[in-house]
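Only a predicted model underlies this, so the values are computations on that prediction, with no experimental measurement involved. Both backbone and side-chain heavy atoms feed into the values below; hydrogens, waters and symmetry mates do not.
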Amino acid sequence: MLAGSRQSAEDVVHEAYLKLAARPQRFLAHPEPYAYAFTAVLNVARDTYRKDRRQVLVDGMEGVEEAGAGGGAGGAPGGATGGWDGGVERRQSEIEAVRLLGKLSHRQAGIVILVDLDGYTIDQAAKIMKVHRGTAARHRARALDRLRAYLVESEHGQAGR
């Protein structure tokens with residue numbers, strides 16, 4: 001009842017357990033362990049409530065506004081296409097990217113992540129990976145070639161179905 005929902009209550013109890021487990025001697029030495037544990041649960045519930053109250057709701061999301069702007073009156077009839085899908089498409093893209101990066105060696109994947117996803121230069125990525133600039137460039141070029149080959153291979157596989 002203090003937490004509002006069953007899931008929140010489970011989170012509160014878990015957090016209280018972690019606090020009590022950090023100092024078991026205090027809990028066991030207390031004359032009223034039940035009261036001590038209940039106070040810990042109450043404090044965690046209160047802290048969670050205060051933390052949730054401080055969170056600010058956002059007016060809109062970047063991806064939603066951009067997708068919604070083209071899908072309404074000027075877009076397809078009824079705004080059926082171009083709408084927000086709840087982030088499913090983005091999540092599927094992330095999963096696919098992780099799957100493709102998993103097919104590369106660790107160094108190749110690291111260089112691609114640093115340069116192409118995180119925006120570092122080849123020199124910065126080489127310094128981070130502790131390799132020569134030429135080695136980093138070669139790893140990236142080979143990685144991109146392998147990724148292109150995987151994509152072409154998967155397109156041919158889908159076209160053959």
Of all residues at least two apart in sequence or in a different chain, which pass the side chain to side chain contact (heavy atoms under 4.5 Å, CB included) check with Arg148?
Leu144, Asp145
Write out all pairs satisfying side-chain hydrogen bond (donor to acceptor under 3.5 Å, both in side chains) with one or both partners inside residues 108-127, taking only residues at least two apart or from two chains.
Gln108-Arg146, Asp116-Arg140, Thr121-Gln124, Asp123-Arg133
Would you kindly confirm whether Ile122 and Ile113 end up in one hydrophobic cluster when ILVMFWY residues are joined by side chain heavy atoms under 4.5 Å apart?
no
Heavy-atom pair with the smallest gap, counting every atom of Ala136 and Ala126
CB-CB, 3.7 Å
Supply the atom-to-atom distance Leu104 CG to Ile111 CD1, rounded to the nearest 0.5 angstrom.
11.5 Å
Note: Val12 and Ala45 closest approach over all heavy atoms is CG1-N, 3.9 Å
Would the number of heavy atoms belonging to other residues, nucleotides or ligands and lying under 6.0 Å from CD of Glu94 be above 12?
yes
Donor-acceptor list for residues 20-39 side chains, cut-off 3.5 Å, not counting sequence neighbours:
from  : atom 1 : to    : atom 2 : distance (Å)
His30 : ND1    : Glu32 : N      : 3.0
His30 : ND1    : Glu32 : O      : 3.1
Thr39 : OG1    : Ala35 : O      : 2.8

Measure from the side-chain N and O atoms of Thr135 to the backbone N and O of Val131, and report whether any donor-acceptor pair falls under 3.5 Å.
no
Enumerate the side-chain hydrogen bond (donor to acceptor under 3.5 Å, both in side chains) contacts for residues 11-20, please, sequence neighbours excluded, ordered by first and then second residue.
none
Quick one: list whatever passes side-chain hydrogen bond (donor to acceptor under 3.5 Å, both in side chains) with Glu96, sequence neighbours left out.
Arg99
Would you check if Leu101 and Leu117 make a side-chain contact, meaning some heavy-atom pair closer than 4.5 Å?
yes
CZ-CZ distance between Arg107 and Arg142, expressed to the nearest 0.5 angstrom
12.0 Å
Which atom of Val112 lies closest to which atom of Ala143, heavy atoms considered
CG2-CB, 3.5 Å
Test of understanding: with side-chain hydrogen bond (donor to acceptor under 3.5 Å, both in side chains), list the residues that count as partners of Arg46, not counting sequence neighbours.
Asn43
